[in-house]
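Each remark here refers to the structure printed beneath this line.
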Amino acid sequence: MLDIKYISEHIDDVRRAIRDKRVACDLDRLLAVNQRRKELQTEFDKLRTESNDLGSNVALYRNPKSKWYQDAIAKGMTEAGIKSEAEKTQGRLGEIKGRTKEVEAETKLVLEEFDRLMLTVPQVPSAKTPVGPDANGNVEVRRVGSPRKFDFDVKDHVQLGESLGILDIPRGVKLAGTRNYVLRGPGAMLHYAVLRLAVDTITSRGFELFNVPILVKDDMMRGTGYYPGGEEQAYRCERDEKSLVGTAEVPLTAFHTDEILDDAELPKKFAAVSTCFRREAGAAGKDTAGIYRIHFFDKVEQVVICRADEAESERFHHEIIANAEAVLQALELPYRVMAVCTGDMGQGKVEMYDIETWMPSRNGYGETHSASRFGEFQARRLNLKYRDGAKKVQVCHTLNNTVIASPRILIPILELNQNSDGSVTVPKALRPYMNGMERITPRGA
RNA sequence: GGAGAGGUGGCUGAGUGGCUUAAAGCAACGGUUUGCUAAACCGUCGUACGCCCAAAAGGUGUACCGGGGGUUCGAAUCCCCCCCUCUCCGCCA
């Protein structure tokens with residue numbers, strides 16, 4: 001969410017953002033509603049000022065012991081005169097009350113519409129962001145490592161997982177329906193090894209580790225920008241007005257909601273590992289094979305809450321991307337970094353980079369990380385602020401990025417480390433987390 | 001889930017219909033004093049929105065005492081609904 005004052009003063013920028021991001025936002029209506037909102041407040045304030053003034057007089061008229069009353073009598077006013085003055089005042093107060101109720105009723109409607117429209121205004125993309133219609137407009141920034149060339153017939157992760165007895169998709173479906181799976185034995189160990197490597201990496205880089213609620217109030221989904229709009233993608237528990245999060249970004253970013261932080265305690269660097277739930281509504285038929293697009297997974301997420309400073313925010317953006325790359329490099333996986341274009345980046349984002357890791361079964365790069373810079377979009381919705389050096393209250397900036405998400409990352413790990421005999425070599429970086437296991441071989445073999 | 005007690009500023013805590021402009025204290029910040037620290041004293045000390053000002057500084061108005069309704073000329077205060085916290089009981093990893 002942007003500041004309404006900023007919006008009114010940067011109409012062209014906002015209009016361009018609406019166009020480039022292809023979001024539905026009636027800016028003209030918002031500006032008109034805002035104008036009406038101001039008029040109503042001005043009238044309401046005037047009514048209340050008069051009402052407050054006259055109201056305190058009534059107390060005096062009615063209290064013969066008050067100084068005002070005795071002064072009035074001394075000046076020659078009669079009790080009857082004061083009484084009639086009191087009645088006159090109450091008559092005026094009745095008129096004010098009637099009009100105030102009308103103004104309040106309209107204000108309620110206007111504010112509802114104002115709030116609803118404000119939630120649709122997109123953040124203005126950074127100058128570095130490529131303009132484009134959809135994922136096809138994303139631009140490759142750099143490429144690290146190169147895809148492995150095989151001299152035998154490669155298996156995909158589903159074949160490998162089944163033959164090694166570490167991934168059981170049919171039973172996952174039996175338990176929980178499509179897009180579910182079961183990891184077992186060395187498969188589950190590999191999954192937790194990846195998460196632990198990621199946790200160790202991110203905490204060694206100065207991020208504080210959290211364990212957070214993953215069923216959160218809808219307010220937090222709104223505050224982080226997932227609602228309105230993303231309700232269909234989340235498992236929502238209607239009777240409790242709570243939702244299962246699709247990422248720990250939500251509770252981490254919202255951790256300080258409704259707080260004013262001290263300048264000195266920023267930046268906040270948070271990380272958490274959590275299970276993530278996604279309905280994948282509207283994705284029917286897309287990425288149905290294997291464990292690429294699934295209803296639940298575990299993810300280590302990193303979040304930064306920093307000052308309202310563009311340069312500082314950019315610096316942290318680079319930092320959280322570097323953190324993710326460090327994990328991929330430790331896992332010896334080839335990847336590329338993509339600058340996400342305006343049409344693919346989402347309403348709230350100022351700048352966004354995806355990291356895509358090479359996946360032999362897709363014969364291409366698949367998205368494994370997403371690093372977003374939100375400016376004040378989330379912080380303003382969350383009422384997340386800080387007091388700057390001059391003691392002025394400012395809205396924070398927020399950013400986040402994946403550290404690692406598994407089992408999606410197991411796709412390249414399994415496929416790229418497979419051997420001609422069907423076994424999979426465990427990446428060196430993961431062995432300490434797998435009781436020293438160097439190779440996953442078929443069950444019983 | 002049942003019963004009871006509560007929710008007031010960063011914190012503690014007064015406040016049962018109108019001199020409340022939310023007391024007082026603590027913490028914090030600025031200053032005076034001081035060889036330094038401490039203490040003492042003085043001052044400042046909420047958020048949001050509107051308006052004034054070219055802007056900043058500042059000024060001014062309104063709202064806000066868990067949330068939402070109601071009574072009243074007037075509500076932190078009275079009434080209703082909801083939420084949350086604490087204590088006890090029940091259930092439970």
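In what follows, chains are A, B, ... by sequence order, proteins preceding strands, each numbered from 1.
Taking the ring centre of A:F114 as origin, the terminal cationic atom of A:R37 falls inside the region bounded by 6.0 Å and 45° from the ring axis.
Within 4.0 Å of A:I96, counting heavy atoms only, lies no atom of the nucleic acid at all.
If you take CG of A:D258 and C1' of B:G10, they are 15 Å apart, rounded to a whole angstrom. Rounded to whole Å, atom P of B:C73 lies 14 Å from atom CD of A:E95. Between A:E50 atom CD and B:G74 atom C1' there is a gap of 15 Å when expressed in whole angstrom units. Rounded to whole Å, atom C1' of B:G61 lies 15 Å from atom CD of A:E43. The distance between atom CG of A:N52 and atom C1' of B:G17, rounded to the nearest whole Å, is 15 Å. Taking atom CD of residue A:E104 and atom P of nucleotide B:U62, one finds them 15 Å apart after rounding to whole Å. Distance, A:D3 CG to B:A48 C1': 12 Å, rounded to whole Å. The interatomic distance linking A:K391 (NZ) with B:A28 (C1') rounds to 8 Å, in whole Å.
Residues satisfying the side chain to side chain donor-acceptor pair (under 3.5 Å) test with A:E249, not counting sequence neighbours, are A:Y226, A:Q378, A:N400. Listed by chain and number, the residues in a side chain to side chain donor-acceptor pair (under 3.5 Å) with A:S51 amount to none (sequence neighbours excluded). Partners of A:D115 under the salt bridge (Lys or Arg N to Asp or Glu O under 4.0 Å) rule, at least two apart in sequence or in another chain, do not exist in this structure. Taking A:D156 as the reference, nothing meets the side chain to side chain donor-acceptor pair (under 3.5 Å) condition, with sequence neighbours excluded. Remark: A:V131 pairs with A:D20, A:T342 by the side-chain contact (heavy atoms from CB on, under 4.5 Å) rule, at least two apart or across chains. Not a single ring-ring contact (aromatic ring centres under 6.0 Å, His included) links A:F207 to another residue, sequence neighbours left out.
Spacing of P atoms, B:G18 relative to B:C29, comes out at 38 Å, to the nearest Å. Here, B:A56 and B:C51 have their P atoms 13 Å apart, quoted to the whole Å. The P atoms of B:A28 and B:C86 are separated by 29 Å, rounded to the nearest whole Å. Across the C1' atoms, B:U8 and B:G15 are found 9 Å apart, a figure rounded to whole Å. Annotation: B:A5 and B:A93 have their P atoms spaced 32 Å apart (nearest Å). Here, B:A57 and B:A75 have their C1' atoms 37 Å apart, quoted to the whole Å. Taking atom C1' in both B:U77 and B:A22, one finds a spacing of 12 Å when rounded to whole Å. Spacing of C1' atoms, B:A76 relative to B:A3, comes out at 28 Å, to the nearest Å.
Both distances falling under 3.5 Å, in either a Watson-Crick or a G-U wobble arrangement, place B:C88 opposite B:G2. Here B:A93 sits opposite no nucleotide as a Watson-Crick or G-U wobble pair (both hydrogen-bonding atom distances under 3.5 Å). A 3.5 Å limit on both hydrogen-bonding distances identifies B:G10 as the Watson-Crick or G-U partner of B:C26. Judged by Watson-Crick or G-U wobble contacts below 3.5 Å, the nucleotide B:C65 has no partner. Here B:U72 sits opposite no nucleotide as a Watson-Crick or G-U wobble pair (both hydrogen-bonding atom distances under 3.5 Å). With a 3.5 Å ceiling on both atom-pair distances, B:C36 lacks any Watson-Crick or G-U wobble partner. Pair check for B:C45 finds none; no Watson-Crick or G-U wobble contact set falls under 3.5 Å. When Watson-Crick and G-U wobble pairs are counted only if both distances are under 3.5 Å, B:C51 pairs with B:G59.
Residue pairs meeting the salt bridge (Lys or Arg N to Asp or Glu O under 4.0 Å) criterion with at least one member in residues 268-280 of chain A, sequence neighbours excluded: A:E232-A:R279, A:E265-A:K268, A:K269-A:E319, A:E280-A:R293.
Nearest-nucleotide assignment on RNA chain B puts the 5′-proximal partner with A:V393, out of A:S51 and A:V393. Projected onto RNA chain B by closest heavy-atom contact, A:L54 and A:R380 fall at different nucleotides, the more 5' of which corresponds to A:R380.
Aromatic ring centroids of A:Y353 and A:H317 lie under 6.0 Å apart.
In the set B:C73, B:G61, B:U47, the nucleotide with an atom closest to the side chain of A:R387 is B:U47.
Between A:T402 and A:T247 there is no side-chain heavy-atom pair separated by less than 4.5 Å.
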Check: protein-nucleotides 65-71 of chain B nitrogen or oxygen pairs below 3.5 Å:
none

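A:M352 contributes atom CE, which lies 6.5 Å from atom CG of A:D344 (distance to the nearest 0.5 angstrom). In this structure, CG in A:L331 is found 5.5 Å from CG in A:L197, a value given to the nearest 0.5 Å.
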Inset, instruction - Starting at the 5' end of nucleotides 50-59 of chain B, put B wherever the base has a protein heavy atom under 4.0 Å, S where only the sugar-phosphate does, and a dash everywhere else. - result: SS--------

